[in-house]
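This report refers to the structure that appears directly beneath it.
Proteins get letters first, then strands, A, B, ... in listed order; numbering begins at 1 in each. Both backbone and side-chain heavy atoms feed into the values below; hydrogens, waters and symmetry mates do not.
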Amino acid sequence: MNDLLANLNPQQQAAVSAPDGQILVLAGPGSGKTRVLTQRAAFLIRERQVDPYRLLAVTFTNKAARAMQERLQHSLGSTLDGLWLGTFHSICARILRREADVMPFTRDFVIMDADDQKSLVKMALKEFNIDDKIFPPASLHSAISNAKNNLTQAKDFVAGNYREEIVRRVFERYEQMLRTSNALDFDDLLLYAVRLLQENDAVREKYARRFYHVLVDEFQDTNMAQYELLQLLSSHYQNIFVVGDEDQSIYRWRGADYRNVLRFQKDYPAHETFLLEQNYRSTQNVLDAARAVIDRNTQRTPKSLFSERGRGEKIILFEAMDDHAEAMFAVETTRTMMESKKAGGGEIAIMYRTNAQSRLLEEAFFQSRMPYRLVGAQRFYGRQEVKDMIAYLRTVQNPADEVSLLRVINLPPRGIGDKTLEDLRNIADNAQLSMGSVLLDLGNKQGESQFWHTFSGRAAAALAGFGALLVNWRNLNQNILLPELFEHILKDTNYQEYIMDASDVGYSRWENVQELLRMAYEYSNSGLVEFLENLALVSDQDTLPEKSDTPTLLTLHAAKGLEFKVVFIVGLDEGLLPHRRSMDDPEEMAEERRLFYVGITRAKDHLYLVRADQRRNYGSFDYSTPSRFLEDIPEKVLLRAGVQYHRRLTPSLQSAIPRWTSVPEKKSSLRESARYSAGMHVHHTVLGSGIVIQSKLQGDDEIVTVAFDKAGLKKLSATIAKLEIL
DNA sequence: GCGTTACATATTTTT
DNA sequence: TATGTAACGC
């Protein structure tokens, strides 16, 4: 019967075939977590004859949802008709659109993204004349978001001090603006869904009786609203299967609370816990380091990860002279590994704490003339031109959406300035209508509109002109396919002309617009509502090229869920990792530790931990000290290299540490006679001064790689080139 | 409405 | 340091 269980270890099998009820699977990194979740779904469908229709599977990312869908299809080969599988947000959006009748918005509500949310907060601040220096919009928004994640609505928000009173007022106005715009923000999707299920017995029963089994991925990252949602949806049958790892919770700042794992255990005394401790990814050395780091966190379920892959290579701890040398080391070592076929480019990743750190790495790649892939940063959906077009589409779907309307109403410039907008705003307010409704009225009736004469002649004409466009697009939307509507908008607005200036920036902008248009073609069969929802709920992460043969640069956050044969973690200095902003809060410090843990456990075979003794901060050069996390890694799994000042270590310890070295993987051929070592400052009569990146012995010669200040990177033979050690 | 300049600001960003 | 944004002047 059980080819479903065939390739699973006993722990995994037990979890997959666990009885009904509440099941908690705590799965270490690389222990086959996703596999267990997928097989559990397959098992329920095939072995327990659960109709897919009665199954709900929830993930955090679209990527994870898609992966699960594909695997499930693969292992069942049958149809998954009726199965609900999606992200928390998409599932909530689905429920809310279905039940919109009883909600304070209509079925075709739009979803506000992070930028829109920020705009709304700014608009509220402006209205209230609040100084955005004293109350930064970002901090107010995060206060609002936190409240919502904890299921507090504006009307329930109680202010305990002056600051909170400001928050309360902005919150209220923000909420009002969302309502009049017929819009929900990300947090609302969860919040309203939970409220609906809590307050409306009929609706709750409908869903709870449908979902015989609920399955959840990345459970440690759930916030309070998500936890409640799961409880409500599984409230009838109480069959809930959650998979997670407290040690990989790195989204606390977004409301994620790994203590939901503890709450689960408390809320469901009859639950069963399964621990997945066998790691199929990393060598034992990597796991030992990871464990040493994470063991210092409390409030977690102790796990002892083990691997049958053997000890493996030691972990290289490279201390560079400065941040340039750090980048150079990572890139040069990458090159060496690729050239010697130790690893393909696609199997190598360089990870860092902050996006800003990618710059030096990119420069180093550029200098070495090597291609690389940068994850994150350039966000397609964040591009001005993409946002413009989305705003047009959103205005067509929902003219009440003020953020979008204001974005496009004078774009390209069509003579609707601030003064006109102010009038429009007042007239709309007086008539108790949205600005969009007034525009539509003007567009429809032109001079006959009751509003026409409330504006000056020019303004009325300009507004009516745009209103007419909007009316037309809305009609088109009823009658033609989405991509055609899109093309009409482009044509009517001369948008191409507007963004296509002579520069190549203009051209790439136009390309982005066309890419969006291509995506619209894929929605020919569904429509505008679906297209917009997807744009809001699908991130750039999902559009990343899956496979590549070039090394990857990415933040530690972006690395979660991935694995690479070779991993570099750079910037292992106090202030960077752990980040300086986490210093005064133990919870945040614990999260920095988990972040490091996540990074370490991405490595299959080779792990390089890299830091720099001196790095450029904003303006100035600063000395830095090694990350405190490095101290926890047992010396026996480490191989140290690079310059070592060890200001933090006692003299006795210093002598215990081998002082050396050169390129680690060549250590067998290393001889005492190596004159140069990484980090040394050297001078060459022709090439000038520079820093030694690496040095390896080759026969009787020594090949030294030097990064020259002016001449760039050179490989030199020590017997021929005269290199003076400074 | 647009381009310039001065100025503040600099963590992570699943949806 | 460098980057993005706000305010200013044309």
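- C:dA6 and B:dT11 are spaced 24 Å apart, taking the C1' atom of each and rounding to whole Å.
- If you measure from atom CG of A:N260 to atom C1' of B:dT14, you get 16 Å, rounded to the nearest angstrom.
- For A:R179 and A:F105, the positive end is not near the middle of the six-membered ring at less than 6.0 Å and at most 45° from its axis.
- Taking only side-chain atoms of A:W253, from C-beta outward, the nucleotide of B:dT14, B:dC2, B:dT13 with the closest atom is B:dT13.
- With centroids closer than 5.5 Å and planes inclined by less than 30 degrees as the test, A:Y251 and the base of B:dT12 fail to qualify as a stacked pair.
- A distance of about 16 Å separates the P atoms of C:dG4 and B:dT13, rounded to the whole Å.
- Within the structure, every side-chain polar atom (N or O) of A:N617 is placed at least 4.0 Å from both OP1 and OP2 of C:dT1.
- Distance from the side chain of A:K122 is smallest for C:dA6 among the nucleotides B:dT13, C:dT1, C:dA6.
- For a distance-only test at 3.5 Å, the side chain of A:H579 fails to qualify as a donor-acceptor partner of the base of B:dT11.
- Around CZ of A:F128, the count of heavy atoms belonging to other residues, nucleotides or ligands within 6.0 Å exceeds 12.
- Of the candidate nucleotides B:dT12, C:dA6, B:dG1, B:dT12 has the atom lying nearest to any side-chain atom of A:H557.
- Residue A:L554 contributes atom CG, which lies 12 Å from atom P of B:dT14 at whole-angstrom precision.
- Comparing C:dT3, B:dT15, B:dT14 by their closest approach to the side chain of A:F186 singles out B:dT15.
- For A:R581 against B:dT12, a side-chain-to-base donor-acceptor contact under 3.5 Å is absent.
- Note: CZ (A:R353) to C1' (B:dT11) measures 5 Å, nearest angstrom.
- Of the charged side-chain nitrogens involved, at least one lies within less than 4.0 Å of a carboxylate oxygen, so that A:K148 and A:E175 count as a salt-bridged pair.
- Remark: the A:D257 side chain and the A:Y227 side chain contain no N/O donor-acceptor pair separated by less than 3.5 Å.
- Comparing B:dT12, B:dG1, B:dT14 by their closest approach to the side chain of A:N355 singles out B:dT12.
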